[in-house]
Structures are given as C-alpha cells and as structure tokens.
Chemist: 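To start, I am sharing the structure in question, which I have written as structure tokens.
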Amino acid sequence: MRLKVTSWNVNSVRLRLDSLKRFIAEHQPDVLCLQETKVPDEHFPRAEIEAMGLPHSVVHGMKSYNGVAIFSTRPFEASTSRSWCGKQDCRHIAVRTDGIEVHNLYVPAGGDVPDPKVNPKFKHKLRFLKETTAWFAAEAPRDRPMILVGDLNIAPLENDVWSHKQLLKVVSHTPVEVELLGRLQATLGWVDAIRHFVPETEKLYSWWSYRNRDWAKSDRGRRLDHVWVTPVLARGLREHHVARAARDWMPATDHVPVTATLEI
DNA sequence: ATGGTTGCACGGCAA
C-alpha cells in the first residue's frame, strides 16, 4: 500500500486555501502535515480542506502564531499533541494511521542572534531540540514504524543552504543547531527520506526568504522542511518531491511542500 | 554592513 506524506509550512492556512487545493489536486498526498496555520481551532477552515479529498483531520492552533494540523485520506487510530519548554504554543501534533505514528513538528525559528545567552528565542530553540530528543529517546524503540515531519527550522547539510560558509553564523545553519538536530536524528536512527533520494553533493532547498526580489534568480534557499522515517520504514521509500513550483503560487509562501512516498 | 518582505482578530512582533 502506498503512503504519500507531505510537510508544508503554509504561513497562514486561511490565506493558503487555493494553494492547498491546487497542491492536493496535483499531488494527492495521503497524509498532509501543516505548520504555521496561525489560527485557533474554532476558526480553522477544516471542512474546506476535508472537502479537497482529505476527510480525516486533527488541528492544534492558537491565535496569530504557530499552529499545526494533519489531514488524511485514511482515518486515525489515535492522536495526541505535546507541549514543550513549558509553553502551550502548538508546535506538535501526532496521529497513528495504518499502525504508523506520524509526528508533525514546528521547531522554533530561533530569532536572529545565535547566542542563547543574549537571545531567548535561540535558547528556546536549543531547549526545544533537547526536549524533543529526550522524549523520542525515552518514548519509542527503533523498530517502531514512525514518521517525523515538519518545519525543523534547521538546514543541516552544507548543500542544504546556498552558501555553507556564509551561513555558519546564521540561525538555522549554526554548528550548535546542526549538532542538536543530529542528536534528535540519532534517537531512533531516523532516515532523512528526502536525502535518501538526493545526494548530499546536490543543493536542495525548501524555503526561500520573502526578502529577495527574485527568489528563483538569486536562489538563496535553505532546506528547513523535512520528512524522516524510522529504519523499519526506510526500505519502503519509493519517491520524493519538493514542490519548488509552489513558491510562485499566489499569494506566495516562503516554504514549499516536501513529500516522501513509501510502500508499507 | 544594511535592509530587504510577509502575516496577524491592526500593529508590534515573529519569521
């Protein structure tokens, strides 16, 4: 059976309904994980998205900031959301479908200054990574079929950014973040489902800043959005897709959908 | 070096 899983930071789900409809029609994901929905649950346009062919959903949001959701062609056997760093800021939601746990994460961006002593947002980001790492390490054995997706707000590899050298002190690509993301990845032996298909020598991005006149021409991107699978699922990996074209869909988003397809 | 843009229960904050 095919399982096609997409992660997309939509930066306001209410502004993105036309783009969501187009993406779902063109790519037909089975499980669609959204981040930065920016809407409280009572105002979430849930029925509209369910009508696009994904009739099962869970949402977990708040006013103005953050927010995560999962839509699916198949019913959920369970769903949970966890809070991290003592904050109720809607950065995690998880479901089980077909015996597979799917975790959808929105890691804090971390602000501008990569120093936890002077920047509380960066401190929060590091702490969030440590807490999620401890939780996955304690929670689940490696042989459990699990998928972790989301806007992890870290581009770990040299070719996950347009210039490794120029971004070494830029939040999202600093060594301390990359190291912590590596520890999270090591907990369950998570396999990077996108780099499974794209060699590390090749540039690959999922985000381009709004602050570029011509994002495609300058192509100063970063790969902040990820799909990971546990080792037991990795042998089923069949395809990947980064919907670069969606960067031009109006109104524009800075993140594009990232998809992995597996046979389960 | 700086400034560049977007979104949000509308305006300072987060990204």
Side-chain angles (χ1 to χ4, degrees), chain A residues 7-20 23 33-46 48-49 59-69 83-92 104-116 118-129 149-156 160-163 165-174 176-178 181 205-226 243-244 246-258:
Chain A
S7 178
W8 193 2
N9 177 324
V10 287
N11 189 15
S12 172
V13 71
R14 288 177 289 189
L15 264 189
R16 222 59 65 192
L17 287 175
D18 289 344
S19 297
L20 279 162
F23 178 79
C33 299
L34 307 178
Q35 306 89 31
E36 275 207 274
T37 52
K38 292 189 171 178
V39 62
D41 296 349
E42 61 270 26
H43 296 137
F44 199 109
R46 204 162 164 164
E48 289 90 326
I49 298 175
V59 302
H60 182 49
M62 60 193 278
K63 193 170 78 169
S64 299
Y65 301 111
N66 312 324
V68 285
S83 58
W84 312 92
C85 308
K87 295 173 189 280
Q88 305 299 318
D89 56 357
C90 306
R91 295 180 180 275
H92 169 263
N104 180 15
L105 274 182
Y106 176 47
V107 174
D112 289 331
V113 182
D115 180 351
V118 300
N119 175 9
K121 285 184 263 187
F122 194 69
K123 188 175 178 179
H124 178 212
K125 183 178 198 173
L126 301 185
R127 187 172 164 202
F128 188 97
L129 291 163
V149 312
D151 176 2
L152 304 185
N153 264 316
I154 296 171
D160 289 341
V161 294
W162 63 275
S163 168
K165 216 173 156 184
Q166 285 177 258
L167 287 173
L168 272 170
K169 291 178 179 172
V170 173
V171 172
S172 72
H173 193 62
T174 65
V176 62
E177 295 167 77
V178 171
L181 191 69
Y205 316 132
S206 64
W207 174 89
W208 295 261
S209 172
Y210 283 123
R211 303 175 194 183
N212 277 323
R213 258 182 216 179
D214 186 337
W215 72 272
K217 192 180 172 197
S218 57
D219 201 19
R220 294 185 166 190
R222 305 178 201 169
R223 191 171 72 102
L224 304 178
D225 303 278
H226 300 270
R244 195 179 156 103
R247 184 65 179 75
D248 279 327
W249 296 352
M250 290 298 139
T253 50
D254 44 0
H255 294 257
V256 300
V258 170

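Reminder, nothing fancy here: chain letters follow the sequence lines and each chain counts from 1.
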Chemist: Tell me what A/Arg91 touches on the nucleic acid: a base, only sugar-phosphate, or nothing, going by heavy atoms under 4.0 Å.
Modeler: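 Since only primed, P, OP1 and OP2 atoms lie under 4.0 Å of A/Arg91, the category is sugar-phosphate.
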Chemist: Looking for any heavy atom pair under 4.0 Å, which part of the strands does A/Arg220 touch: base, sugar-phosphate only, or nothing?
Modeler: nothing
Chemist: Considering only heavy atoms of chain A and a distance under 4.0 Å, specify the first and last nucleotide of DNA chain B in 5' to 3' order that meet this criterion.
Modeler: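 Listed 5' to 3', the contact boundaries are B/dG4 to B/dA15.
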Chemist: Would you kindly compare A/Pro108 and A/Tyr210 by the position of their nearest DNA chain B nucleotide and give the one closer to the 5′ end?
Modeler: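 Between the two, 5'-proximity favours A/Tyr210.
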Chemist: For A/Asp151 and for A/Asn212, locate the closest nucleotide of DNA chain B by heavy-atom distance; then report the residue assigned to the nucleotide nearer the 5' terminus.
Modeler: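 Of the two residues, A/Asn212 wins.
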Chemist: When rounded to the nearest Å, what value does the distance between C1' atoms of B/dA9 and B/dG4 take?
Modeler: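 Roughly 27 Å separates the two C1' atoms.
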Chemist: Closer than 4.0 angstrom, basic N to acidic O: yes or no for A/Asp219 and A/Arg244?
Modeler: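 Judged by the 4.0 Å cut-off on N to carboxylate O distance, A/Asp219 and A/Arg244 do form a salt bridge.
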Chemist: Please report the distance separating the C1' of B/dG11 from the corresponding atom of B/dT5, rounded so that it comes out in whole Å.
Modeler: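 Approximately 16 Å lies between the C1' atom of B/dG11 and that of B/dT5.
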Chemist: Please name all residues satisfying ring-ring contact (aromatic ring centres under 6.0 Å, His included) with A/Tyr65, sequence neighbours left out, ordered by chain then number.
Modeler: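 With sequence neighbours excluded, A/Tyr65 shows a ring-ring contact (aromatic ring centres under 6.0 Å, His included) to no residue whatsoever.
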Chemist: Does a donor on one side chain and an acceptor on the other come within less than 3.5 Å for A/Arg222 and A/Ser172?
Modeler: yes
Chemist: Mind checking the P distance from B/dT6 to B/dT2? Whole angstroms is fine.
Modeler: 23 Å
Chemist: A/Phe23: which residues meet the ring-ring contact (aromatic ring centres under 6.0 Å, His included) condition with it, sequence neighbours left out?
Modeler: A/Trp8, A/His27
Chemist: Any chance the side chains of A/Lys38 and A/Asn11 put a donor and an acceptor closer than 3.5 Å?
Modeler: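 Yes - a donor-acceptor pair under 3.5 Å links their side chains.
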Chemist: Any luck finding a side-chain donor-acceptor pair between A/Asn104 and A/Gln35 under 3.5 Å?
Modeler: yes
Chemist: Could you measure between the two C1' atoms, the one in B/dA15 and the one in B/dG3, and give it in whole Å?
Modeler: 15 Å
